[in-house]
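Working notes for the structure below.
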Number of protein chains: 2
Amino acid sequence: MNLRQDVHTAGIPVLCQACEARHRGICGALDSDQLVALAKTSSKQTIASGAELVGDTETVEHYSNVLAGVVKLTKTLSDGRQQIVGLQFAPDFLGRPFKSESAVNAEAATDVSLCSFPKAAIERMMKQSPELEHRLLRQTLKELDEARDWMLTLGRKTASEKVASFLLLIANHIDPTLGEGEEKVTFDLPLTRADIADFLGLTIETVSRQFTKLRAEGIISIENNRHVTVTRRERLEARAGH
Amino acid sequence: MNLRQDVHTAGIPVLCQACEARHRGICGALDSDQLVALAKTSSKQTIASGAELVGDTETVEHYSNVLAGVVKLTKTLSDGRQQIVGLQFAPDFLGRPFKSESAVNAEAATDVSLCSFPKAAIERMMKQSPELEHRLLRQTLKELDEARDWMLTLGRKTASEKVASFLLLIANHIDPTLGEGEEKVTFDLPLTRADIADFLGLTIETVSRQFTKLRAEGIISIENNRHVTVTRRERLEARAGH
DNA sequence: TTTGGCTCTTGATCCAGGTCAATTCACGCC
DNA sequence: GGCGTGAATTGACCTGGATCAAGAGCCAAA
């Protein structure tokens, strides 16, 4: 078990039987009896990059915890223009309570490992356990904060600021512990250029040009199109526009 | 009591003593004993258009229900670029649970009437009453859905589509009952051109030009800069980009 | 009634980022 | 190795919306 997992499992008293692994998210709110009951109807699954998890108007009949990988939530206009409206990292929750239809598409951006439960089971437990609803509220508030942060980026930042903000967002999500201190950060981009463009409200060409510019200025370097090293973190932060 | 109020008070069994008026929002989750207790420390207040309700990093020490008017939630970059990240209409809730600092500025867009409670009192009741937390979760999910809808608009729509989407959003909020049926809708804009620009990620000039274009095409008419009549609703909807 | 200070509109110009069109690169697969 | 395919880069050009600069409408105070 590596450091990353330690962070995510801190303070979780019981094992989720279904996932055969400790994790946070909603399971943390349940007692062992509930977890055993849940395990009977839930399952750990692995989804290949690119696979669609939840269709736009499709009926959602289960909730999931993201155990590993990145899931993108997208919205699409009738003519095909697309916008990513959320990225779910482990140990985020996937699913829209109190609504059978999802307003968004969910798609695996990388290979994803999920622990999913039937909707009905979770909703039954939600009635019994206020702690479960409390966790959902906290997760939803976190997502709302993130969405609002991103609205400022979408509406008011330049392409250059958008790309810098995106790189910092990914860096922070990949490992939130490597905070202010270190100058260099290295990580793999979980998204293609097309995905990044859809996230930032730009075109792939503009994203590519901004990467080129950052490379030329010695702020980042990229290997094999995915592996990014931020060499001048403070300059990237300055560019992101505080 | 007009139709509008009926919609908002449907199914509310008890009076909120503080507001001296029935309303939904969080009060609906409380029993009469709790409402009486709450009334001792809470108050109805009227805020003039333009007044700041909550500062960016200011400590929030009370929650509020919006009884009338519109509150805008904004985020600002260090150089002054601003984005409206949410609009709160009656009977929305105002305040960020589980965090003493707000990530956004809240400002009265119109004259606003509020019913506010001390943070501590609400949080005490939240521990006792799961129903209260349930209402907060529903409101937060609603705001998240709205934020994500708006991200698609900010990231991917043209100026023309943005303005059309905005007008429809206001029309629907001012009176959600006048749904699909009617061709004409009339309402007062609760926002100035500058506010609309900050909401749409545009400049005031672009917003103004789009209004002019809509007027020229006979889709809307505007009196006194605020009073809008949508004369060709279906054409506005087509322009909003589904 | 005039004056001052708003907000809104309109026009003229500019440029960031979109569009279109080639390459070039990464990574299988034979 | 050579080849095919989809992803990424790069270049040339264009345009939607920003910017800059006047006006016009509105209202409140003198």
Side-chain angles (χ1 to χ4, degrees), chain A residues 48-51 72 77 79-83 107 109-111 153-167 188-217 220-228 239 241, chain B residues 48-50 72 77 79-83 107 109-110 153-167 188-217 220-228 239 241:
Chain A
S49 168
K72 55 181 180 176
L77 292 169
D79 63 1
R81 281 174 290 171
Q82 198 172 52
Q83 176 67 44
E107 192 180 321
T110 63
D111 290 349
T153 301
L154 284 174
R156 289 304 186 194
K157 288 191 187 172
T158 64
S160 163
E161 292 167 330
K162 283 179 176 179
V163 169
S165 301
F166 168 76
L167 287 172
D188 283 331
L189 286 177
L191 301 183
T192 64
R193 299 294 185 276
D195 285 337
I196 297 171
D198 282 348
F199 191 52
L200 297 173
L202 298 171
T203 59
I204 52 172
E205 293 94 331
T206 299
V207 171
S208 180
R209 278 186 252 268
Q210 293 300 331
F211 276 152
T212 302
K213 201 188 288 180
L214 287 170
R215 247 186 278 114
E217 293 179 38
I220 63 169
S221 65
I222 307 183
E223 291 159 41
N224 300 335
N225 285 340
R226 300 197 92 83
H227 194 71
V228 176
R239 183 170 300 213
Chain B
S49 168
K72 54 181 181 176
L77 292 169
D79 64 1
R81 280 174 289 172
Q82 197 172 54
Q83 177 67 47
E107 192 180 322
T110 62
T153 301
L154 283 175
R156 290 303 187 195
K157 289 191 186 170
T158 63
S160 163
E161 291 167 331
K162 283 179 177 180
V163 169
S165 301
F166 167 76
L167 287 173
D188 283 330
L189 286 177
L191 302 182
T192 64
R193 299 294 186 275
D195 285 337
I196 297 170
D198 282 348
F199 191 53
L200 296 173
L202 298 171
T203 59
I204 52 173
E205 292 94 332
T206 300
V207 171
S208 179
R209 277 187 251 269
Q210 293 301 329
F211 276 151
T212 302
K213 201 188 286 180
L214 287 170
R215 246 186 280 114
E217 294 179 40
I220 63 169
S221 63
I222 307 183
E223 291 158 41
N224 299 334
N225 285 340
R226 300 196 93 84
H227 194 72
V228 176
R239 182 169 301 211

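Chain A is the first sequence line, chain B the second, and so forth, proteins listed ahead of strands; every chain is numbered from 1.
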TODO: Find which nucleotide of DNA chain C each of A/N225 and A/R209 is nearest to by heavy atoms, and output the residue with the more 5' nucleotide.
DONE: A/R209
Open item on the list: Does C/dG18 have OP1 or OP2 under 4.0 Å away from a side-chain N or O of A/T203?
Closed with: yes
Open item on the list: If you define the side chain from C-beta out and look only at heavy atoms, does anything of A/T206 sit under 4.5 Å from A/L200?
Closed with: no
Open item on the list: On DNA chain D, does the nearest nucleotide to B/Q210 precede the nearest nucleotide to A/R193 from the 5' side, or the other way round? Give the residue.
Closed with: A/R193
Task: For atom CD of A/E205 and atom C1' of D/dA8, their distance in whole Å - done: 10 Å
Task: For atom CG of A/L202 and atom C1' of C/dG18, their distance in whole Å - done: 10 Å
- [ ] Give the rounded distance in Å between these two atoms: CG of B/N224 and C1' of D/dC27.
- [x] 11 Å
Open item on the list: Tell me the interatomic distance from A/E223, atom CD, to C/dC25, atom C1', rounded to whole angstroms.
Closed with: 15 Å
TODO: Nearest 0.5 Å please: distance from the CD atom of A/E161 over to the CD atom of A/Q210.
DONE: 10.0 Å
Task: Side-chain heavy-atom pair B/F211, B/N225 within 4.5 angstrom cut-off - done: no
Task: Contact under 4.0 Å: A/R215 side-chain N or O vs D/dT9 OP1/OP2 - done: yes
- [ ] Report yes or no: do B/S165 and B/K157 form a side-chain donor-acceptor pair below 3.5 Å?
- [x] yes
- [ ] Would you mind reading off the distance between B/D195 atom CG and C/dC6 atom P, rounded to a whole angstrom?
- [x] 16 Å
Open item on the list: If the cut-off is 4.0 Å, is B/S208 near the phosphate of C/dT9, judged by side-chain N/O to OP1 or OP2?
Closed with: yes
Open item on the list: With a 4.0 Å cutoff (strictly under), does any side-chain N or O of B/T212 reach OP1 or OP2 of C/dT10?
Closed with: yes
Task: Whole-Å distance separating the NZ atom of A/K157 from the P atom of C/dA16 - done: 19 Å
- [ ] Please state how far atom CD in B/E161 lies from atom C1' in D/dG17, giving the value in whole angstrom units.
- [x] 14 Å
TODO: Rounded to the nearest angstrom, tell me the gap between atom CZ in B/R81 and atom P in C/dA16.
DONE: 13 Å
Task: Least distance between heavy atoms, A/L189 atom then A/R193 atom - done: CD1-NH1, 3.8 Å
